[in-house]
Every structure is written in structure tokens, then in C-alpha cells.
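Read through the structure below, which is laid out as C-alpha cells, and then see the notes.
Proteins come first, then strands; the chains are lettered A, B, ... in the order of their sequence lines, and each starts at number 1.
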Number of protein chains: 2
Amino acid sequence: MNISNREMLKHFNIKYSKQRDVIIDILKSYRCPLTAEQIYDDCRAAVENMSLSTVYRILNTFVDKGLALKTNLDVENKALFELNRHEHKHHLLCLGCSKIVQISSCPLKQYEKQIQEEMGYQIISHKLEIYGYCPECSKEIDNIVHDEEAHS
Amino acid sequence: MNISNREMLKHFNIKYSKQRDVIIDILKSYRCPLTAEQIYDDCRAAVENMSLSTVYRILNTFVDKGLALKTNLDVENKALFELNRHEHKHHLLCLGCSKIVQISSCPLKQYEKQIQEEMGYQIISHKLEIYGYCPECSKEIDNIVHDEEAHS
DNA sequence: GTGGGTGCAAAGGGTTTGCAGCAAG
DNA sequence: CTTGCTGCAAACCCTTTGCACCCAC
């Protein structure tokens, strides 16, 4: 990502502002989707008096213009935002520590074709979330189980 | 589904009430997930003075006890509720008419195993939504396209 | 200078909660 | 009789909106 924020905004036909600049910086610096609140918190370190509604307005503009993506995951009832890196991907969510990880492999191309034929639908897209325990949390669970066995 | 609502409540360890009875009736009678509001509307036909908060409270109880399922789909920012019929399934959503259809086939067992091995995660569940146009809406879109061709 | 972006506060939509009264066992 | 469910209204959280002001071009 060597393009300047100004160029990026111009490319997506969005006017420049300091606030937009800062939000692009924040989105660039994270590898995972963020809530508006998290972005807002980071903003306030950079811009005095930045308002949460501005964050929402900017994020919505970015999503409309295709610069950012908005995701609603089942576990949180807040929207998550991230830079649109034009990758098809899915999310792997840890039920223990709530960590969200990207998965880039996708097993669904063939399945979409099948649904298309079976159901007569014209398939446009899909969304897949996978829930489980990350290696660290899996380990902790193992430890608890072993403790319980030792005490019984 | 030949079990009475009373038996069903007892089985899930939930006390009987007229309101709970009515909501089970409603959930039984629909084949697709419903919003609290839709359930509420149906309730009011059956119970005088039924309150929306009661609907939410009952639905949350049902979900906690395993009698019902709650789904948050990307398109609506409302929760959807349905009877827990103990089927593994996914949803196919029409981008034209917002119709939601169940799919019972699932292509992900093998994929989950793969993720488990590659990422070291212990996979518990997944959620898949497929977006597209139903046969009727696809047809309408075709018509519009043909109209445009005819006029050009 | 002008159009559009911003801060602030207030409103919006879905959902939850506190409390007094009521119903089920 | 007692427990806990209900109705109502108010609160809650996330998100959007109205308006006056200000900034980028």
C-alpha cells in the first residue's frame, strides 16, 4: 500500500479532509475489522474534538464509494469496518477471546453452482463465518478439563 | 410436530403461560425466521394487551433453553427467531424481494477439518448465508434488460 | 466564495430493564 | 401462598440526522 491517502481519496472520488485522512491511516494500520468506536478512540489521539458521528459518516461514505467494507458479525451487534483490499475472504472467530482472523481460502464456488442449478437462483455472493477456539484458548480449555479430572 | 405446547415447555423446563403458548403456536406455523415485531403483530391477534417486551423476553428465554434459534442476518438489523428444529441449515436470501429460504445441504464438513488442521483452531460451528436473486426476481431483471435492449 | 464536511446535540430503531401487579402451580 | 411472568414506561446501545459553522479547493 504505497499510495498516499490523498491519492486514495481522489481515486474513490472523495474530497480530502483531515478526518478522512486520519481514518484511512487507522484502517491501513489494522489487519482486522474494527468497530466505529475503536476507530473513534484512535481518531481522538490524532484529531482534537473529532466526533463519533463524523466517524460514522466517513465510514459510510467509504463503504458507499468502495474504499471500505462493512461487516455485521453474529457475535457483536455492532458493525465492523475495514479497508477494502479486494480479497474474497471469510472470518474465523474465536469463541474464547473474540479474536477475528481472516481466511482466504473458499470452498464455495462449486456449491454456488449447485445451488444455482437446484434452486433456480442467480447467486451473487455469500458470507461465511466459522466459529471455534483458537490454539491458545483450546489449550486453556484442555488445562481446565485436566484440572477437573485431577480433582475428581 | 404432534407434541402439545404445554409438553414442549415442560420438556425445555419453561413455565407455562398463555403468552408463551401463543408464541409457540406462531413459531410452529411459520417455516421461516421471524422478527420480534412480526411475532408481536401475530400475538396481538390472539392476546389482548400483549407487550413487545414480553415477546422479547419470551423469545430470549426460548433461545436460552434451546427451544428456539436466533439469527442475525446481514441485510436486516433485526434479530430473527424460529423454532429449533435441530436441523443444520443455511439461508438463501433474495436480494430482490428479501425472501429467505432454507438450504439443508452443507458443503463444509471437509472444509472445517481442513481449517482445523491448517490453523490449529478447534472448530465448533459455522454460519453461511448465500445472496442472490430468486427465480421470479431473476425473471424480472431479465425483462428489464430486454426492454432496455429493445429501446436502444 | 461555494459546496461540502464537521461538531454537537438530539432523535431514531431495535432491544432490555425496573417495577408494581397478576397469574400459574 | 409463593414464585416468577407480565404490561408499561423508561432506559439502553448503536447509529443517523438537523443545523450552524468551518474548511478545502
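Side-chain contact between B:F12 and B:T61 is absent, with no heavy atoms from C-beta onward closer than 4.5 Å. Residues B:N60 and B:K70 have side chains in contact (heavy-atom distance under 4.5 Å, counting atoms from C-beta outward).
Side-chain N or O atoms of B:S51 include one that pairs as donor or acceptor with a backbone N or O of B:S53 at under 3.5 Å. Judged by distance alone, with hydrogens and angles left aside, the side-chain atoms of A:R20 form a donor-acceptor pair with the main-chain N or O of A:K15 at under 3.5 Å.
One interatomic measurement links the two molecules: CD1 of B:I23 to C1' of D:dC5, which rounds to 12 Å at whole-angstrom precision. Between the P atom of C:dG12 and the CD atom of B:E37 lies a distance of 16 Å, rounded to the nearest Å. A:M50 has its CE atom 9 Å from the C1' atom of C:dT6, to the nearest Å. Rounded to whole angstrom, the span from the OH atom of A:Y56 across to the P atom of C:dT6 amounts to 16 Å. The distance from atom CD of A:E76 to atom P of D:dC13 is 15 Å, rounded to the nearest whole Å. For B:K70 and C:dG14, the NZ to C1' distance is 10 Å, given to the nearest whole Å. Between A:R20 atom CZ and C:dG4 atom C1' there is a gap of 8 Å when expressed in whole angstrom units. C:dG14 atom P lies 19 Å from atom CZ of B:R57, rounded to whole Å.
In this structure, A:Q19 reaches the sugar-phosphate backbone alone: every heavy-atom distance under 4.0 Å involves primed, P, OP1 or OP2 atoms, never a base. Residue A:T61 is classed as having no contact, given no heavy-atom separation below 4.0 Å to the nucleic acid. A:I58 comes within 4.0 angstrom of sugar-phosphate atoms only, judged by non-hydrogen atoms across all strands, and of no base. Backbone-only contact: A:K78 has heavy atoms under 4.0 Å from sugar-phosphate atoms and none from a base. In this structure, B:Y16 reaches the sugar-phosphate backbone alone: every heavy-atom distance under 4.0 Å involves primed, P, OP1 or OP2 atoms, never a base. At the heavy-atom level, A:S17 lies under 4.0 Å from the strands shown only through sugar-phosphate atoms.
Nearest nucleotide to the A:S53 side chain, out of C:dA9, C:dG25, D:dT15: C:dA9. Residue A:K15 places its side chain closer to C:dG4 than to any other of C:dG4, C:dT17, C:dT15.
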For A:D25 and A:N5, run side chain to side chain donor-acceptor pair (under 3.5 Å): C-alpha distance rounded to whole Å, both residues' side-chain angles, the deciding distance at 0.1 Å, then the answer. CA-CA 8 Å; A:D25 275 341; A:N5 297 354; 2.9 Å; yes
Derivation and outcome, ring-ring contact (aromatic ring centres under 6.0 Å, His included), residues B:H90 and B:H88: CA-CA 7 Å; B:H90 300 300; B:H88 180 68; 4.8 Å; yes
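Of the side-chain N and O atoms in A:N49, none sit less than 4.0 angstrom from OP1 or OP2 of C:dT6. Considering only side-chain N and O atoms, B:N77 lies nowhere under 4.0 angstrom from the phosphate OP1 or OP2 of C:dG13.
Residue whose closest nucleotide on DNA chain C sits further toward the 5' end, between B:L52 and A:S51: A:S51. Each of B:A79 and A:V47 has a nearest nucleotide on DNA chain C; the 5'-most of these lies closest to A:V47.
For D:dC5, the base has no donor-acceptor partner in the side chain of B:T54 [N/O atoms by modelled type, under 3.5 angstrom]. Remark: the A:T35 side chain and the D:dC14 base include no donor-acceptor N/O pair separated by less than 3.5 Å.
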